[in-house]
Amino acid sequence: MSDNQALLDFSKEEKIPDDVIKHAAKLRRELQYHDQLYYDKAVPEISDREYDRLYRELVDLEKKVPALITADSPTQHVREKSQGFKSAAHLVPMQSLDNTYSEEEVLDFIKRLYKLLPEEKIALTVEPKIDGVAISLLYRHGILIRGLTRGDGAKGDDVTRNIEMISNIPKVLQGKVPTLLEVRGEVYLSKKMFLQLNAERDEEGLPVFANPRNAAAGSLKQLNPAIVRERHLEAIFYGYGALEGNSIPTQTAFIEALRSWGFPTHPSVNYARTPEEALEAIQCLGNIRHDYVFETDGAVLKVDLLEQRERLGSTSKAPRWAIAFKYESEQVITRLLAITVQVGRTGVLTPVAELEPVLVAGSTVARATLHNEEEIVRKDLRLGDYVVIEKAGEVIPAVVSVVKEKRDGSEKIFQMPRRCPVCHTTAIKKEGEVALRCTNPNCPAQLRRRIEYFACRQAMDIAGLGEAVVAQLIEVGLLKSVADLYHLHAEQLLPLERMGEKSVENLLKAIDQSRHQPLWRLLVALGIPHVGVTAARTLAERFHTIEKLSAASIEELCAIEEIGEIMARSIDEALRQPAMKALLEQLQGAGVNFGEEDPVVHAAEGPLQGTIWVITGSLSQSRDEIAEHIRSAGGKVSSSISAKTTYLLAGESAGSKLARAQKLGVTVIDEATFRALVAKK
Ligand code: IVH
């Protein structure tokens with residue numbers, strides 16, 4: 001800021017010096033450039049902190065010299081734009097919030113409130129600020145009519161079809177609903193889904209998203225709603241634009257009303273009566289924010305009493321009754337010692353930063369994926385550089401940028417190898433992909449990852465077949481394909497290092513038992529891109545055998561509720577590959593279960609025997625976990641409601657499934673009742 005201060009000293013002079021005009025123009029250009037990267041392309045180059053710093057610099061400059069303000073200055077309008085969607089006007093414009101990183105400015109904000117509303121008691125709510133994408137949904141008589149993005153604040157993109165794909169957004173409201181409600185909230189991708197999505201993209205050679213916010217923004221702007229469904233976006237609601245047919249006195253009461261109508265809301269909203277309590281609530285949120293499933297970048301303070309808000313009003317951009325306090329994201333500097341190259345299950349070569357170990361956000365970081373060659377070039381990373389490290393999505397370490405001032409000339413440019421570092425086959429780049437791939441289907445590194453994946457807990461669940469054992473078995477030539485697992489004998493294993501009699505016996509037993517794993521586990525184990533546990537279960541339930549699944553057309557696959565077009569194409573393509581066909585033949589020959597025509601359902605015995613369940617809404621555990629409880633208590637789980645459904649387990653903000661269950665007269669039960677049922681012996 002000191003440069004800026006120097007620039008501002010001229011203010012008493014009459015003419016604005018050229019360098020000040022130039023500096024303001026430069027700031028405007030930079031901000032516009034970063035806006036474009038952030039909003040249109042979802043690939044920002046600088047952190048929010050750096051952006052806010054530039055923004056604040058321009059605001060300060062314009063405040064001091066109002067003549068510098070241009071109509072297109074980023075300080076003059078809320079921005080967000082994209083292509084391919086119709087736009088529509090918000091009933092009440094969507095404003096943004098004033099931001100600060102300083103507690104002092106929070107206190108200034110509160111002092112200003114006392115000044116504007118003298119002698120009044122002012123209570124504030126303190127909510128987590130979710131780092132997602134702002135949306136505004138319109139409900140008439142409790143029915144979802146339309147969903148818009150913020151856009152320029154006055155008009156937004158109509159993303160209704162995509163909004164409908166978000167399962168925790170209620171399509172029909174419950175209880176005493178307002179005649180008209182324009183509800184405001186945030187669409188986000190949970191940290192878990194973000195990691196999963198990036199891992200898949202890495203594996204497929206696609207560019208990864210920098211953080212969950214960008215992933216959510218990129219997903220919400222997909223023109224194909226099926227992709228949105230596959231991304232598993234979620235939403236949380238905290239405010240409103242237009243509201244008719246319901247009078248609510250406070251923010252606290254509004255959040256309660258939202259809950260009663262079926263909206264997902266913030267897990268913890270604090271209440272502060274004094275400035276001290278407000279700071280305490282901010283700190284308290286700062287301590288627990290990493291535990292939330294979504295990423296938060298701050299706390300939002302709002303005047304609780306809506307009548308006071310009205311009297312406080314707004315500036316052209318932001319309300320006077322609210323402020324966002326932003327937490328610093330923890331960044332540390334360390335040294336990039338080397339870049340190694342890893343070979344993935346599908347042959348993708350991934351450069352990995354080997355770092356001088358440092359502590360970031362509570363754990364030691366020594367490695368970070370660099371994703372692909374383009375990322376290295378874009379960030380201009382050189383071996384020996386000092387780099388800034390952060391945890392993307394608060395979980396995975398990421399290299400944010402280089403500290404160029406610390407270079408001494410000894411840094412070396414890194415070249416991605418043109419050959420696979422393990423089998424030395426020439427690596428290629430597929431059209432439209434950023435990743436280099438090893439194309440040798442027999443590459444030992446790929447084989448190793450494929451076998452590890454085949455054996456992992458979510459797939460064939462072969463205990464004792466960890467990374468070290470797999471590596472050893474490949475090295476000594478015992479495993480040349482996944483199917484070779486089923487031909488191993490004790491005599492081959494016993495002479496190997498770290499292979500005692502007991503461990504050999506256990507390993508062979510675990511491999512043998514895996515022959516009888518249910519079909520869905522085999523489907524996961526095959527490693528078909530996009531097919532995880534849930535999809536594999538659905539496919540197994542629907543087709544019963546690998547043979548029938550292989551014969552299914554893309555249209556047939558797409559007709560299944562949880563299977564989108566991308567997944568359908570991926571399954572179709574994977575099962576046609578000659579290498580996959582050969583593997584399936586070998587596995588079948590080895591006696592691995594390929595499913596049965598008309599499976600006898602060996603349902604577990606238990607209190608839920610003979611019942612069919614559908615799960616909807618948000619519950620205290622993931623759907624997969626709840627489904628597992630139901631199955632182990634003897635029940636069956638289905639994805640869609642029909643007359644055969646025994647119970648609908650409905651969590652908070654259940655939507656269309658709830659409406660359908662009510663129509664068909666299916667019994668709806670809540671989580672507490674469900675827990676009581678499962679607990680019965
Ligand atoms: S209230 C008049 N509450 O952060 C604006 N916003 O940087 C009222 N956000 O535009 C917004 N969590 O998109 C509010 N608990 C929360 C929020 C929140 C996230 C977003 C929202 C807002 C942006 C401001």
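- Ion pairing between a basic and an acidic side chain is recognised when a charged N comes within 4.0 Å of a carboxylate O; Arg631 and Glu628 show such pairing.
- Residue pairs satisfying the salt bridge (Lys or Arg N to Asp or Glu O under 4.0 Å) criterion with at least one member in residues 122-137, sequence neighbours excluded, are listed as follows: Glu127-Lys302, Lys129-Asp297.
- Note: Tyr327 and Phe325 have perpendicular aromatic rings, judged against thresholds of 30 and 60 degrees for the angle between ring planes.
- Classified by interplanar angle (parallel below 30°, tilted 30° to 60°, perpendicular above 60°), the ring pair His266/Tyr238 is parallel.
- Taking CD1 from Ile563 and CD1 from Ile571, the interatomic distance works out to 5.0 Å, rounded to the nearest 0.5 Å.
- With 3.5 Å as the limit, one finds no donor-acceptor pair spanning the side chains of Arg146 and Thr160.
- Contact check for Leu677 versus Ile669: side-chain heavy atoms found under the 4.5 Å cut-off.
- Here Tyr647 contributes atom OH and Thr667 contributes atom OG1; the two are 6.0 Å apart, rounded to the nearest 0.5 Å.
- Between Arg184 and Glu182, at least one side-chain N (NZ, or NE/NH1/NH2) sits under 4.0 Å from a carboxylate O, which counts as a salt bridge.
- Here the SG atom belonging to Cys284 is positioned 5.5 Å from the CG atom belonging to Asn270, to the nearest 0.5 angstrom.
- Side-chain contact annotation: Ser260 with Gln174, donor-acceptor N/O pair under 3.5 Å absent.
- Although no hydrogens or angles enter the test, the distance criterion places no donor-acceptor pair under 3.5 Å between the side chain of Ser514 and the main chain of Met460.
- Using a 4.5 Å heavy-atom cutoff, the side chains of Leu312 and Arg309 are not in contact.
- Panel note: side chain Glu230, backbone Ile227; no donor-acceptor pair is recorded below 3.5 Å.
- With Asp670 contributing its side chain and Ala650 its backbone, the two residues share no donor-acceptor pair below 3.5 Å.
- Side-chain contact check for Arg320 and Ser314: no donor-acceptor pair (N or O, by modelled atom type) lies under 3.5 Å.
- Distance check: Leu189 CG to Leu220 CG gives 11.0 Å after rounding to the nearest 0.5 Å.
- You'll find the side chain of Asp304 reaches within 4.5 Å of the side chain of Gln251, heavy atoms only.
- In terms of modelled atom types and a separation under 3.5 Å, the side chain of Tyr139 and the main chain of Pro170 share a donor-acceptor contact.
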Could you walk me through whether Glu671 and Ser620 pass the side chain to side chain donor-acceptor pair (under 3.5 Å) test, one step at a time?
CA-CA 8 Å; Glu671 190 172 344; Ser620 67; 2.5 Å; yes
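- Contact annotation: the side chain of Leu306 never approaches that of Trp321 to less than 4.5 Å [non-hydrogen atoms, C-beta and beyond].
- No side-chain donor-acceptor contact under 3.5 Å links Gln621 to the backbone of Ile626.
- Two residues are said to be in side-chain contact when any heavy atoms from C-beta on lie closer than 4.5 Å; Ile630 and Ile615 meet this criterion.
- Of the inter-residue distances, the one linking Met193 atom CE with Glu234 atom CD reads 8.5 Å to the nearest 0.5 angstrom.
- A distance of 12.0 Å separates CZ of Phe263 from CD of Glu652, quoted to the nearest 0.5 Å.
- Between Glu573 and Arg569 there is no salt bridge, since none of the side-chain N atoms of the basic residue sits less than 4.0 Å from a carboxylate O of the acidic one.
- At distances below 3.5 Å, at least one donor-acceptor pair connects side-chain atoms of Lys191 with backbone N or O atoms of Tyr292.
- Between the side chains of Gln458 and Arg521, no donor-acceptor pair is found at a separation under 3.5 Å.
- For Gln196 (side chain) and Lys192 (main-chain N/O), no donor-acceptor pair under 3.5 Å exists by modelled atom type.
- A heavy-atom distance below 4.5 Å is found between the side chains of Leu584 and Ile546.
- Judged purely by atom type and a 3.5 angstrom limit, His141 has no side-chain atom pairing as donor or acceptor with the backbone of Leu180.
- Of the possible polar contacts, none joining the Thr645 side chain to the Ile641 backbone as a donor-acceptor pair under 3.5 Å is found.
- Side-chain atoms of Asn168 come within 3.5 Å of backbone N or O of Ala235 as a donor-acceptor pair.
- Looking at heavy atoms from C-beta onward, Leu557 lies out of side-chain contact with Met567 at the 4.5 angstrom threshold.
- You'll find the side chain of Tyr188 reaches within 4.5 Å of the side chain of Ile236, heavy atoms only.
- With Ile163 as reference, Ile169 is the one residue of Ile169, Thr149, Asp158 to meet the side chain to side chain contact (heavy atoms under 4.5 Å, CB included) rule.
- Counting only N and O atoms by type, the side chains of Ser87 and Asp157 include no donor and acceptor under 3.5 Å apart.
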